[in-house]
Number of protein chains: 2
Amino acid sequence: MPRRTDLSDTYCPVGRSAELLGDRAVLLILRDLFFGRRRFEAIAANTGLGPQLVSARLKLLEKEGVVERHAYQDKPPRREYRLTDKGKDLFGVLYAMRGWAERWAYAEGETGGGPAMRYIHRACGTDVGTATVCPGCGAALGYGDLKGEPSPALKAEQAARSG
Amino acid sequence: MPRRTDLSDTYCPVGRSAELLGDRAVLLILRDLFFGRRRFEAIAANTGLGPQLVSARLKLLEKEGVVERHAYQDKPPRREYRLTDKGKDLFGVLYAMRGWAERWAYAEGETGGGPAMRYIHRACGTDVGTATVCPGCGAALGYGDLKGEPSPALKAEQAARSG
DNA sequence: ACTTGTCACTATGATTATCATAGTTACGAT
DNA sequence: ATCGTAACTATGATAATCATAGTGACAAGT
């Protein structure tokens, strides 16, 4: 593609976010990182993205201060990628995307009755559905407050991808 | 690009959203629609995207049921684009993106003290900052509950683009 | 009547990001 | 010495994106 206009200096906050988040691969990698996948190969396998793309996007995310590369072993060099505070704060965006999809992106009965991904408020045990405020106790919900559980169908799909 | 793997049939809700939202142009166009820009040329001018791209993405958004094309005049054919309910429900995603950017994407003092975009809770008049729950009255916040006001710098930038 | 202007696009050609596949480096285990 | 694994890099084909220009339909001004 030709050089697209850079949005990192616009005053519009959505424009600035879009510069990073308006990219399929970035979104998929972030999802996996929030899911607890930290290793290169695990991310590549689960997202279905090629290693070159994963490599390029992880470098970009590191440059943007959203992930940190951490060597957990040196003998054979092994790295893992972790979300920084700036990265963890993107949870709200991913959670909003998930909520929208649960409400609109599935055919009737496609998920087998419930959401594709359930979230439980750790503090009070309530299933929060797609809410941004816990329907049980009224608390605002952020990363760390919630425990995610994939539906059987989603779990099976992920298992198939990593095999 | 070669044909990328289609994610519209994954069980992962973030994957399904990413298929639509993992695209810079889609995000920018949605932002403008939420901002009240309904006309083709206004969107093209403000986003800085070429007419071909705007045309292609509006067609996609219409196909996905996110926007509706509405003829408001026939003599010279004139159309406008409106968000459907499914589209309006994407407000949470854009609002989360805006919140993240306000917190992380600006240099110290770059916006002149306040956020680049202020949001006021219509019901109680409180400036909600980047919260998902009104700090004044505790209500959950959605599209329609908020009144957005761009900062002087952002307003000037938009005026320059449309001129 | 003729030009100018606006809106909503479509057409063209150059550029470059993305994909699939294969290869590389470093090491540990058999 | 070969096999396997993790984390990448290299290569070449494909196709999406951009800038620029052009089209069709009409309205208004001169």
Side-chain angles (χ1 to χ4, degrees), chain A residues 1-7 10 15 18-29 32-33 36-63 67-82 161-163, chain B residues 1-7 10 15 18-29 32-33 36-63 67-82 161-163:
Chain A
M1 298 166 208
R3 173 120 75 272
R4 60 196 193 180
T5 51
D6 184 31
L7 291 179
T10 180
E19 192 68 31
L20 181 65
L21 300 176
D23 181 287
R24 232 174 64 104
V26 164
L27 256 15
L28 261 20
I29 291 171
D32 276 25
L33 288 169
R37 283 184 201 95
R38 302 178 198 269
R39 298 201 329 284
F40 189 96
E41 286 293 312
I43 293 169
N46 188 256
T47 57
L49 302 169
Q52 193 171 91
L53 231 204
V54 175
S55 175
R57 289 304 183 274
L58 283 171
K59 277 195 181 78
L60 172 66
L61 289 167
E62 195 186 358
K63 177 172 147 271
V67 308
E68 267 173 357
R69 185 176 161 153
H70 180 76
Y72 65 89
Q73 182 179 301
D74 273 327
K75 301 310 184 68
R78 295 286 182 271
R79 326 281 168 199
E80 64 175 23
Y81 296 87
R82 294 179 188 170
R161 276 187 178 284
S162 63
Chain B
M1 300 167 207
R3 175 123 71 273
R4 60 198 194 179
T5 50
D6 184 31
L7 290 179
T10 180
E19 192 68 31
L20 181 66
L21 301 177
D23 182 287
R24 232 174 64 104
V26 164
L27 256 15
L28 261 22
I29 291 171
D32 277 24
L33 289 169
R37 283 185 201 93
R38 301 176 199 271
R39 299 199 331 280
F40 188 95
E41 286 293 313
I43 293 170
N46 188 255
T47 57
L49 301 169
Q52 193 172 86
L53 233 202
V54 175
S55 174
R57 288 305 182 276
L58 284 171
K59 277 197 180 78
L60 172 66
L61 288 167
E62 195 185 0
K63 178 174 146 264
V67 308
E68 268 174 359
R69 184 176 162 154
H70 180 75
Y72 65 90
Q73 183 179 298
D74 272 327
K75 301 309 186 71
R78 295 288 182 270
R79 326 282 169 199
E80 64 175 23
Y81 295 88
R82 295 180 186 170
R161 277 189 176 284
S162 62

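Numbers restart at 1 for each chain; the letters A, B, ... are given by sequence-line order, proteins then strands.
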Go through [options] for me and flag the one nearest to the [X] side chain.
| X | options | answer |
| --- | --- | --- |
| P77(A) | dC8(D), dA26(C), dA8(C) | dA26(C) |
| R69(A) | dA21(D), dA6(D), dC8(D) | dC8(D) |
| Y72(B) | dT18(C), dA8(C), dC8(D) | dA8(C) |

To the nearest 0.5 angstrom, please state how far the [atom1] atom of [X] sits from the [atom2] atom of [Y].
| X | Y | atom1 | atom2 | value |
| --- | --- | --- | --- | --- |
| I29(B) | N46(B) | CD1 | CG | 11.0 Å |
| R79(A) | F40(A) | CZ | CZ | 12.5 Å |
| L28(A) | I43(A) | CG | CD1 | 10.5 Å |
| L20(B) | L27(A) | CG | CG | 10.5 Å |

[X] side chain near [N] phosphate (N/O to OP1/OP2, under 4.0 Å):
| X | N | answer |
| --- | --- | --- |
| R79(A) | dA6(D) | no |
| R38(B) | dA8(C) | no |
| Y81(A) | dC8(D) | yes |

Please list, in numerical order, the residues of residues 53-61 of chain A that have a heavy atom closer than 4.0 Å to any atom of DNA chain D.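 Heavy-atom cutoff 4.0 Å gives S55(A), K59(A).
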
Give the rounded distance in Å between these two atoms: [atom1] of [X] and [atom2] of [N].
| X | N | atom1 | atom2 | answer |
| --- | --- | --- | --- | --- |
| D23(A) | dA16(D) | CG | P | 15 Å |
| Q73(B) | dC9(C) | CD | C1' | 16 Å |
| I29(A) | dA7(D) | CD1 | P | 14 Å |
| R24(A) | dA16(D) | CZ | P | 12 Å |
| E62(A) | dC8(D) | CD | C1' | 14 Å |
| E41(A) | dG4(D) | CD | P | 16 Å |
| E80(B) | dA8(C) | CD | P | 9 Å |
| I43(A) | dA7(D) | CD1 | P | 9 Å |

Considering only distance and modelled atom types, tabulate donor-acceptor pairs under 3.5 Å from the side chains of residues 50-60 of chain A, sequence neighbours left out.
residue, atom, partner, partner atom, Å
S55(A), OG, K59(A), NZ, 3.4
R57(A), NE, D23(A), OD1, 3.2
R57(A), NE, D23(A), OD2, 3.2
R57(A), NH2, D23(A), OD2, 2.9

Please identify each residue that fulfils side chain to side chain contact (heavy atoms under 4.5 Å, CB included) with R82(A), with sequence neighbours left out.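 Partners of R82(A) by the side chain to side chain contact (heavy atoms under 4.5 Å, CB included) criterion, ordered by chain and then number, come out as R38(A), H70(A), E80(A).
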
Starting from the 5' end of DNA chain C, give me the residue, A25(A) or P51(A), whose nearest nucleotide shows up first.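 This one resolves to A25(A).
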
Ignoring hydrogens and geometry beyond distance, is the side chain of Q52(A) in donor-acceptor contact with the base of dC19(C) at under 3.5 Å?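 Such a pair exists between side chain and base.
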
Applying a 4.0 Å non-hydrogen cut-off, can you work out what R78(A) is touching in the nucleic acid: base, sugar-phosphate, or nothing?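 Base, at least one base atom sits under 4.0 Å.
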
If I compare all heavy atoms of A42(A) with all of D32(A), which pair ends up nearest, and what's the gap?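 Scanning both residues, the minimum pair turns out to be O-OD2, 4.3 Å.
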
